[in-house]
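Quick caveat: nothing in here was measured; it's all calculated off a predicted structure.
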Amino acid sequence: MGDIEKFQQERQTLNELVMKYAGLGTKRYYSLDSQAYREGVLPVKTKELLGLVASFVLRCDDCITYHVIRCHEEGVTSQELEEALFIGLIVGGTITIPHQRRAMKAWDELKNKSSA
């Protein structure tokens, strides 16, 4: 089992645990988050790239991994991903470099899995 599969399983398990105890505010927040990434004036692919860059600048590895997965699912190319992360690097500075490394590791795992 690769890192991506482990991440997805843990994320699902933990989300189920959160929802077990969630009040109305938490449920509404999760719903709003889901709605924000739906097709609208901006395509889903663009929204996922925006989410990736925001997560990258905020240095949230879980969020970065999630958006890397979603970008892959939405057909983002390696060049598009790298360019988006470059914008994050410019905004976030050198402190984002370890997160860039982990993002590219996740991307490489997804690319290798899809070409196998």
Enquirer: Treating Lys27 as the side-chain partner and Met19 as the backbone partner, does any N or O pair qualify as donor plus acceptor under 3.5 Å?
Expert: no
Enquirer: Can you find a pair of side-chain heavy atoms, one from Phe7 and one from Asp62, that are under 4.5 Å apart?
Expert: yes
Enquirer: May I ask you to decide if Tyr29's main-chain N or O and Asp33's side chain share a donor-acceptor pair within less than 3.5 Å?
Expert: no
Enquirer: Return the CD1 to CH2 distance between Ile69 and Trp107, rounded to the nearest 0.5 Å.
Expert: 11.0 Å
Enquirer: So does Leu42 get a backbone contact from the side chain of Thr46, meaning a donor-acceptor N/O pair under 3.5 Å?
Expert: no
Enquirer: So do the side chains of Lys111 and His72 get within less than 4.5 Å of each other, counting heavy atoms only?
Expert: yes
Enquirer: Got a salt bridge between Lys45 and Glu48, using NZ or NE/NH1/NH2 to carboxylate O under 4.0 Å?
Expert: no
Enquirer: For the pair Tyr37 and His67, name the ring-plane relationship: parallel under 30°, tilted 30 to 60°, perpendicular over 60°.
Expert: tilted
Enquirer: Does any part of the side chain of His99, heavy atoms only, come nearer than 4.5 Å to the side chain of Arg102, both counted from C-beta?
Expert: yes
Enquirer: Decide yes or no on salt bridge (Lys or Arg N to Asp or Glu O under 4.0 Å) for Lys20 and Glu16, but give the supporting numbers first.
Expert: CA-CA 6 Å; Lys20 177 180 174 180; Glu16 289 169 2; over 6 Å; no
Enquirer: Are more than 12 heavy atoms, taken from residues, nucleotides or ligands other than Ile95, located less than 6.0 Å from that residue's CD1 atom?
Expert: no
Enquirer: Nearest heavy-atom pair of Ala84 and Leu49: which atoms, and what distance?
Expert: CB-CD2, 3.8 Å
Enquirer: For residues Thr26 and Tyr21, determine if any side-chain heavy atom of one lies less than 4.5 Å from a side-chain heavy atom of the other.
Expert: no
Enquirer: Can you find a pair of side-chain heavy atoms, one from Phe56 and one from Val91, that are under 4.5 Å apart?
Expert: no
Enquirer: Between Ile64 and Ala103, which heavy-atom pair has the shortest distance, and what is it?
Expert: CG2-CB, 3.7 Å
Enquirer: Answer yes or no: does atom CD of Gln8 have more than 12 heavy-atom neighbours from other residues, nucleotides or ligands under 6.0 Å?
Expert: yes
Enquirer: So Cys63 and Leu58, do their side chains get closer than 4.5 Å, heavy atoms only?
Expert: no
Enquirer: How about Glu10: does its CD atom have over 12 heavy atoms from other parts shown lying under 6.0 Å from it?
Expert: no
Enquirer: Please check if the side chain of Ser55 supplies one atom and the backbone of Gly51 the other of a donor-acceptor pair under 3.5 Å.
Expert: yes
Enquirer: Does any non-hydrogen side-chain atom of Gln9 lie less than 4.5 Å from one of Glu5?
Expert: yes
Enquirer: Quick check: does any side chain N or O of Glu109 sit under 3.5 Å from a backbone N or O of Asp3, one acting as donor and the other as acceptor?
Expert: yes
Enquirer: Would you check if Arg70 and Leu52 make a side-chain contact, meaning some heavy-atom pair closer than 4.5 Å?
Expert: no
Enquirer: If we count only N and O atoms by modelled type, under 3.5 Å, do the side chains of Gln35 and Ser31 hold a donor and an acceptor together?
Expert: yes
Enquirer: Before you tell me yes or no, could you show the steps for Met104 and Leu81 under side chain to side chain contact (heavy atoms under 4.5 Å, CB included), namely the whole-Å CA-CA distance, both residues' side-chain angles and the distance that decides it to 0.1 Å?
Expert: CA-CA 9 Å; Met104 296 314 296; Leu81 185 86; 3.9 Å; yes
Enquirer: With no hydrogens and no angle check, is any side-chain donor or acceptor of Glu80 less than 3.5 Å from a backbone partner on Thr77?
Expert: yes
